[in-house]
Number of protein chains: 2
Amino acid sequence: MRSAAHQDFLSGARGGKAESILSAAKRCFLAAGFGAVSMDAIAREAGVSKATVYAHFISKEELFGAVVARESERHFFAFSALELDPRDAAASLETLAGRFLDLVLSPEVIAVNRIVIGEATRFPVLGEVFWQAGPARVRAQIEAFLRRAAAAGSLRIADPRIAAEQFAALARGEIHLRHLLRLDPALDTAATAEAARCAAATFLRAFAP
Amino acid sequence: MRSAAHQDFLSGARGGKAESILSAAKRCFLAAGFGAVSMDAIAREAGVSKATVYAHFISKEELFGAVVARESERHFFAFSALELDPRDAAASLETLAGRFLDLVLSPEVIAVNRIVIGEATRFPVLGEVFWQAGPARVRAQIEAFLRRAAAAGSLRIADPRIAAEQFAALARGEIHLRHLLRLDPALDTAATAEAARCAAATFLRAFAP
DNA sequence: GTCTATACAGTGATAGAC
DNA sequence: GTCTATCACTGTATAGAC
């Protein structure tokens, strides 16, 4: 039995009130940002009193940090390029770009990304948390695949790290920024697939052997 | 106090105090965001009373919108690729990428970009205002240059619009997101120039004749 | 238009009963 | 741990004097 319930948020398996509070806070913060959400609203959404919220989290800032850290970890840990065939660069790159776009354009990832950028001034550490959990991890996965493809001779890559950054940048394209700005509210799967195809094709032309 | 009256085409303000208020609001909002800034703080920064602020702007929201709209227009107005030589694609693309990065990584543009993303939920229209003034305008300039280069035979481009998006995406790379997240607080001109060189080189390999 | 002073609502956080 | 009730404070916005 632990004395501080708020340290359990990373275990993920709890079904108690702490989990309800975290879940409610996630919905509120991701929908409206930090400043526009009150602790009253979070307590109401969780179905508990405000004092209960403060029994689990020291302050609004701590609760916000817990939400952002958990959401950052949760969405990116499954991203992988391990099973892609490094000999068929064209097909694998398009699959990888599509997988990347489906992830970073998903509503929850966009919401976390937006909030972390918007509150980067007030919560400098959350930018680093998000970066390590998300972009840095994804880039490492892409880089590992590019190394395998280069070893297999299906791509010619001088600097795999920079190439991985450029692949991610091409895949993001302008659609990522448009989603961050809320200009494309509906996620268009056809447009996403087409964007992935274009990005993979251009990357392939630049790094073909 | 300045005797020269600035004509403000966005808010209709004419006098010196309106300009002081807008300028003070810009400094406050860009430094700390919308929610973390109070009208008291803006009035203090402008050297006027709070009632004077409300004499010129109906609400905090309207003042915020005026600041964002003006800053969005102001920074991107001068961006151009008109004088670049379309026959020397390698040199022109690197110059263009460097010019692009210098602009979008400048502290004020990053601050506006960050705040527009962060408040996209509460102020949906500001995302569109920023997009039209910034990314859409820049993309059009890049696209126009690519068309001239294609006509000159120094590049082979099937779809200039998509190519322009991809050029901007490559130039942004990951450094743009890192700046939005406040991970690279100091603007490193050497790193920026190197990033521009890499982006231009990769784009050139993909679109060389 | 500009100021001082203030109305009024809402905020984060806490005390004490159970 | 959880609740109700309440604190002290700050926020936006406005009234009235000049």
Side-chain angles (χ1 to χ4, degrees), chain A residues 1-9 11 14-29 31-68 115 119 121-123 126, chain B residues 1-8 11-29 31-68 115 118-119 122-123:
Chain A
M1 193 55 80
R2 296 173 203 177
S3 55
H6 66 271
Q7 292 180 345
D8 287 337
F9 68 89
S11 69
R14 280 177 51 105
K17 295 214 168 167
E19 177 58 32
S20 300
I21 294 167
L22 263 175
S23 174
K26 167 197 133 187
R27 290 192 295 276
C28 293
F29 283 138
F34 178 80
V37 173
S38 70
M39 292 295 258
D40 270 308
I42 294 172
R44 208 179 314 125
E45 174 83 13
V48 300
S49 77
K50 199 161 50 166
T52 301
V53 176
Y54 279 98
H56 290 267
F57 300 92
I58 295 174
S59 67
K60 185 184 178 185
E61 282 77 9
E62 201 218 34
L63 176 56
F64 181 69
V67 166
V68 170
I115 210 173
E119 302 296 338
T121 305
R122 204 179 338 194
F123 300 92
L126 294 186
Chain B
M1 301 193 183
R2 223 171 279 151
S3 57
H6 268 57
Q7 190 151 20
D8 192 329
S11 69
R14 301 284 189 276
K17 294 221 166 163
E19 177 56 35
S20 300
I21 293 166
L22 263 176
S23 174
K26 167 197 133 187
R27 290 192 296 276
C28 293
F29 283 139
F34 178 80
V37 173
S38 71
M39 293 294 258
D40 268 308
I42 293 172
R44 209 179 314 127
E45 174 83 13
V48 302
S49 77
K50 201 160 45 167
T52 302
V53 177
Y54 279 97
H56 289 268
F57 300 92
I58 296 175
S59 66
K60 185 183 177 186
E61 282 77 9
E62 201 217 36
L63 177 55
F64 181 69
V67 167
V68 169
I115 210 172
E119 302 295 338
R122 207 181 333 197
F123 301 93

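Keep in mind that the numbers below use all heavy atoms, side chains included, and drop hydrogens, waters and symmetry copies. Throughout, protein chains are lettered first and strands after them, A, B, ... in sequence-line order, and every chain is numbered starting at 1.
- B/K60 contributes atom NZ, which lies 7.5 Å from atom CE of B/M39 (distance to the nearest 0.5 angstrom).
- Between A/K50 atom NZ and C/dG10 atom P there is a gap of 12 Å when expressed in whole angstrom units.
- For A/E61, whose side chain is taken as the heavy atoms from C-beta onward, the closest listed nucleotide among C/dT2, C/dA13, D/dT4 is C/dA13.
- To the nearest angstrom, P of D/dG11 lies 11 Å from OH of B/Y54.
- Here the C1' atom of nucleotide D/dT10 and the CZ atom of B/R44 are 12 Å apart, to the nearest Å.
- Taking 4.0 angstrom as the limit, B/T52 places none of its side-chain polar atoms (N or O) nearer than this to OP1 or OP2 of C/dG1.
- If you check every strand for non-hydrogen atoms under 4.0 Å, A/V53 touches nothing.
- Map B/V48 and A/K60 each onto its nearest nucleotide of DNA chain C; the residue landing nearer the 5' end is B/V48.
- Taking atom CZ on A/F64 and atom P on C/dA13, their separation rounds to 14 Å, with Å as the unit.
- Nucleic acid contact class of A/S49 (heavy atoms, under 4.0 Å, all strands): base.
- The base of C/dG1 lies outside donor-acceptor range of the side chain of B/K17, with no N or O pair under 3.5 Å.
- When each of A/T52, A/V67, A/L22 is paired with A/F57, the side-chain contact (heavy atoms from CB on, under 4.5 Å) condition holds for A/L22 and for no other.
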